[in-house]
Amino acid sequence: MVNLHTSIGKFQFNNPLMNASGVHCMTAAELDEVAQSPAGTLVTKSGTLEARAGNPEPRYAGLALGSINSMGLPNLGYQYYLDYAVAFQAAHPDQPIFLSIAGTGPADYQQMAEAIQASAFTGLTEFNLSCPNVPGKPQIAYDLDTTARILDDLFKVFKKPAGIKLPPFFDLAQFDAMADLLNRYPLTFINSINSLGNGLAIDPATDTALIRPKGGFGGIGGAYAKPIALANVRAFRERLRPDIAIIGTGGVTSGRDVYELILCGASLVSLGTVLQKEGLPAFARLTGELEAEMTAKGYDAIPDFKGALKTL
Ligand SMILES: Cc1cc2nc3c(=O)[nH]c(=O)nc-3n(C[C@H](O)[C@H](O)[C@H](O)COP(=O)(O)O)c2cc1C
């Protein structure tokens with residue numbers, strides 16, 4: 001039997017798999033289902049200051065090798081998820097939980113950080129700086145100055161374990177610049193990657209874009225994203241302080257994909273599109289496939305191969 005135990009900071013997990021924010025985590029009922037699955041932990045939908053209805057439908061479509069979405073951050077408001085997380089902790093003191101937060105502008109982050117700081121929440125907070133799907137709003141993490149301003153303000157008030165969700169980067173100079181910036185802050189983790197921003201998918205029968213918002217443009221997840229996710233996790237693992245853990249997200253459809261994200265340096269791996277497509281049974285399938293892969297490679301435990309990618 002292999003041991004799937006992993007950790008981030010002082011938080012311990014008995015399985016590296018979790019849901020990706022936005023998938024199976026909108027309501028307390030969905031969050032409870034993830035908590036009761038084989039997943040090692042769970043994250044809420046990204047909550048905003050006020051509840052949002054999101055973009056008009058259709059706003060998600062499954063594709064042959066993944067998905068496209070432009071949800072526009074539909075959510076029940078961050079207070080709903082904060083209340084859920086506090087109640088969850090009281091009921092499951094040994095099970096860590098992640099609270100995801102998204103601003104629709106820089107000022108929102110500090111306001112929500114103050115409220116979370118003042119609350120009874122003792123879990124991990126993920127500040128999502130990478131939502132590509134709010135019409136008229138640029139993705140924050142592609143703007144280093146704005147990212148620095150948000151993190152400066154945030155860490156003045158926020159003293160609890162915190163991480164940020166990043167978009168994919170494509171240039172080695174971007175990895176250098178973002179890692180230099182992130183290394184200045186008391187981050188516990190980063191989560192890499194959010195969807196590949198602004199792809200386009202077309203229905204061949206009607207020559208029409210598959211989703212309605214933004215003229216059909218939307219974030220791409222699933223197998224399309226895997227090589228980019230591997231590269232982002234690897235690039236940040238090589239550049240970030242060793243005490244900043246990485247949650248690997250993007251492109252997982254098999255246990256081998258989970259294994260490869262860990263090989264690149266991920267401590268936890270989250271499931272987005274595959275969970276949307278397969279539902280909760282994805283956790284048991286991928287756990288079994290990860291165990292088989294580790295057994296085939298002769299590894300008993302996650303630390304044995306975490307970050308152990310070989311290069312030529
Ligand atoms: C329907 C949907 C909603 C999403 N909503 C969020 C969100 O609220 N917050 C967030 O950080 N990421 C969100 N994401 C991005 C996922 O968390 C994940 O980063 C991305 O889909 C890549 O993973 P995948 O290849 O496993 O799908 C969403 C993705 C999908 C498909």
Side-chain angles (χ1 to χ4, degrees), residues 17-27 30-31 34 39 42-48 51-55 57-63 65-78 80-81 98-104 109 124-134 137 139-141 163-169 189-199 201 210-211 213 218-233 246-254 257-258 260-261 266 268-279 282-283 286:
L17 298 178
M18 64 188 292
N19 65 305
S21 181
V23 181
H24 216 97
C25 57
M26 180 75 84
T27 61
E30 288 182 342
L31 288 158
V34 178
L42 65 161
V43 60
T44 68
K45 172 70 183 172
S46 294
T48 48
R52 291 169 58 89
N55 294 338
E57 295 182 343
R59 56 192 184 181
Y60 170 92
L63 307 174
L65 297 176
S67 66
I68 185 167
N69 88 84
S70 180
M71 304 299 288
L73 279 178
N75 75 93
L76 301 173
Y78 86 98
Y80 175 89
Y81 302 106
F98 290 79
L99 178 65
S100 175
I101 292 298
T104 52
Y109 288 94
L124 298 118
T125 304
E126 177 171 289
F127 293 93
N128 176 5
L129 299 185
S130 52
C131 186
N133 300 323
V134 179
K137 304 278 184 187
Q139 228 186 100
I140 290 167
I164 61 171
K165 178 95 175 261
L166 292 171
F169 296 97
F189 70 96
I190 65 158
N191 186 335
S192 172
I193 58 175
N194 210 315
S195 330
L196 309 176
N198 293 306
L210 276 178
I211 57 172
I220 304 293
Y224 299 109
K226 178 182 158 183
I228 313 296
L230 291 176
N232 274 257
V233 170
I246 301 181
I247 301 176
T249 303
V252 171
T253 61
S254 69
D257 299 334
V258 178
E260 289 184 12
L261 281 165
L268 289 170
V269 172
S270 74
L271 309 182
T273 301
V274 72
L275 178 60
Q276 179 76 34
K277 288 186 170 183
E278 295 181 20
F283 287 115
L286 293 173

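All of these numbers come straight from a predicted model, not from anything done at the bench. Side-chain atoms are counted along with the backbone in the values below, which use heavy atoms only and exclude waters and symmetry mates. Start at 1 and go down the list; that is how both ligands and their atoms are numbered.
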If I take atom CG from residue Leu76 and atom OG1 from residue Thr27, how far apart are they, to the nearest 0.5 angstrom? 7.5 Å
Heavy-atom pair of closest approach, residues Pro168 and Ile228: CB-CG2, 3.7 Å
Counterpart residues, side-chain contact (heavy atoms from CB on, under 4.5 Å), relative to Tyr60 (two or more places apart): Ser67, Asn69, Met71, Thr273, Gln276, Lys277
Taking only heavy atoms of the protein into account, state which residues are under 4.0 angstrom from an atom of ligand 1, in chain and number order. Ala20, Ser21, Gly22, Lys45, Ser46, Tyr60, Asn69, Met71, Leu73, Asn128, Lys165, Ile193, Asn194, Ser195, Gly221, Gly222, Thr249, Gly250, Gly251, Gly272, Thr273
Can you tell me if Thr44 uses its side chain to pair, donor with acceptor, with the backbone of Leu99 under 3.5 Å? no
To the nearest 0.5 Å, what is the distance between CG on Leu73 and OG on Ser100? 8.5 Å
In terms of side-chain geometry, is the basic nitrogen of Glu260 or Lys226 positioned less than 4.0 Å from the acidic oxygen of its partner? yes
